[in-house]
Amino acid sequence: MPRRVSIGLITILGVCVIWYAMTTGLGIIPSGRFPSPAETWSAFIHVSGRGYGGGDLTMHVYNSLRLVVLGFLFAIVTGVPLGLLMGWSRTAEALINPIFLIIRPIPPLAWIPLAILWLGLGDAAKMMVIWFSAFVPSVINTYAGVRNIDRPVIEAAYMLGVPKTRFVGEVLIPGASPMIFTGLRLSLQASWTTLVAAELVGAFYGIGRVLNVAQQDLYPGMILVGMIAVAILGWGTTRLLGVAETYALRWNTAALAAKG
């Protein structure tokens, strides 16, 4: 087992021991304030079996994961090309950047009332809020990635008369890839944070729905189960994105080396 993994497992085990000691062993933290491991496990069995908040854990996880993935993918499809365009074209930057600078400071959660007004209480409104939270980091980091490409590389491509489609695919995207993936990681984290808040309003399924109902029921164990579920899902999707990043950057490096 790699040393890094071993240290991580030891850290998690240590936190669990402290958690047990503070809640069950010594009773320093009352169960009404923070649940014990046994209470959290009982809540997990409850939501996994009989269900809670309108559905079982599988239904809640599936709904939340689906919304995050769809909103995140839509942000990639719109944000990355816009960042490439703004970074590549001074004219496009002059036209688009003033509008982007106006909407950029608006917190994603501030869009919830408008999203509900426009799209109702369904999944579309939540996807819109998730899209906005992921859209901004993807644009900013893609733009920065293009601007950080060495000018001699771009000038050489212009001198060689590289067609625009090849220029984008072989110069802009490979050169900006590290920053693009940095933006995507930030976008994914923002998507999970925003999802839980969006699902607190008008959701029939989802982790946010579980947290909202558990808060109303004063059910600390279920609240912690929801928080742990978000943490695991966020960690898992970030790991998958990391695998995609490793493959993409390795492929770009190999392709550039072959051409050189």
Side-chain angles (χ1 to χ4, degrees), residues 67-111 114-115 127-195 197-198 234 237-256 259:
L67 291 178
V68 165
V69 170
L70 291 176
F72 176 67
L73 290 178
F74 188 44
I76 294 175
V77 171
T78 55
V80 172
L82 184 62
L84 290 172
L85 179 62
M86 291 173 60
W88 177 23
S89 171
R90 298 284 185 179
T91 303
E93 181 187 6
L95 290 173
I96 300 171
N97 200 42
I99 300 174
F100 184 74
L101 289 177
I102 292 174
I103 66 172
R104 175 184 170 185
I106 301 175
L109 301 186
W111 290 92
L114 274 181
M127 287 176 56
M128 173 186 165
V129 178
I130 293 170
W131 165 79
F132 182 81
S133 68
F135 172 76
V136 173
S138 65
V139 173
I140 293 173
N141 285 273
T142 302
Y143 169 84
V146 173
R147 287 304 173 89
N148 286 336
I149 298 175
D150 293 335
R151 292 301 303 175
V153 175
I154 297 177
E155 292 171 359
Y158 285 149
M159 290 177 60
L160 294 172
V162 177
K164 290 184 177 180
T165 53
R166 289 188 58 191
F167 178 79
V168 173
E170 298 180 9
V171 178
L172 283 189
I173 294 178
S177 289
M179 286 298 296
I180 290 176
F181 276 101
T182 297
L184 296 185
R185 286 196 298 272
L186 294 173
S187 296
L188 186 57
Q189 294 170 9
S191 296
W192 280 109
T193 303
T194 306
L195 167 87
T237 50
T238 302
R239 289 286 295 177
L240 289 175
L241 182 60
V243 172
E245 177 182 6
T246 300
Y247 175 79
L249 296 183
R250 184 182 302 161
W251 182 87
N252 284 336
T253 303
L256 292 173
K259 289 180 181 181

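Computation of the quantities below employed the complete heavy-atom set of this structure, encompassing side-chain atoms and omitting hydrogens, waters and symmetry-equivalent molecules.
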Side chains of S177 and I173 in contact at under 4.5 Å (non-hydrogen atoms)
yes

Working to the nearest 0.5 Å, report the span between CG of L67 and CH2 of W192.
9.0 Å

Identified side chain to side chain contact (heavy atoms under 4.5 Å, CB included) partner of T142 from the options L184, T182, I180:
I180

F72 CZ to M127 CE distance, which is reported to the nearest 0.5 Å:
13.5 Å

If you look at every heavy atom in M179 and G145, which pair is closest and at what distance?
CB-CA, 3.5 Å

By side chain to side chain contact (heavy atoms under 4.5 Å, CB included), L240 pairs with (sequence neighbours left out) none

Residue pair P178 / G175: nearest heavy atoms and the distance that separates them:
CD-O, 3.8 Å

Any heavy-atom pair between the side chains of L172 and W88 that's under 4.5 Å?
yes

Tell me the salt bridge (charged side-chain N to carboxylate O under 4.0 Å, His left out) pairs involving residues 71-89, sequence neighbours left out?
none

Can you tell if the side chain of L85 reaches within under 4.5 Å of the side chain of V146, non-hydrogen atoms only?
no

Going by heavy atoms in the side chains, are N141 and F181 under 4.5 Å from each other?
no

Set of residues satisfying side-chain hydrogen bond (donor to acceptor under 3.5 Å, both in side chains) with respect to T78, sequence neighbours excluded:
W131

Could you walk me through whether R104 and I140 pass the side chain to side chain contact (heavy atoms under 4.5 Å, CB included) check?
CA-CA 10 Å; R104 175 184 170 185; I140 293 173; 3.3 Å; yes

Check ring-ring contact (aromatic ring centres under 6.0 Å, His included) between F132 and all other residues, then give those that pass, not counting sequence neighbours.
W111

Value for CG (L73) from OG (S187), rounded to nearest 0.5 Å, stands at 11.5 Å

So, using side-chain hydrogen bond (donor to acceptor under 3.5 Å, both in side chains) as the criterion, who are the partners of S133 when residues are at least two apart?
T194

Just do the side chain to side chain contact (heavy atoms under 4.5 Å, CB included) check on L195 and V129 with the steps written out, would you?
CA-CA 8 Å; L195 167 87; V129 178; over 6 Å; no

Show the atom names and distances, to 0.1 Å, of all donor-acceptor pairs under 3.5 Å that link a side chain in residues 89-102 to residues at least two apart or in another chain.
residue : atom : partner : partner atom : Å
S89     : OG   : T91     : N            : 3.4
S89     : OG   : A92     : N            : 3.1
E93     : OE1  : R147    : NH2          : 2.7
E93     : OE2  : Y143    : OH           : 2.6

Between V68 and S191, which heavy-atom pair has the shortest distance, and what is it?
CG1-CB, 4.0 Å

Of all heavy-atom pairs between V80 and S138, which one has the smallest distance, and what is that distance?
N-OG, 4.2 Å

Restricting to non-hydrogen atoms, name the atom on I130 and the atom on G71 that form the minimum distance, rounded to 0.1 Å.
CG2-CA, 4.0 Å

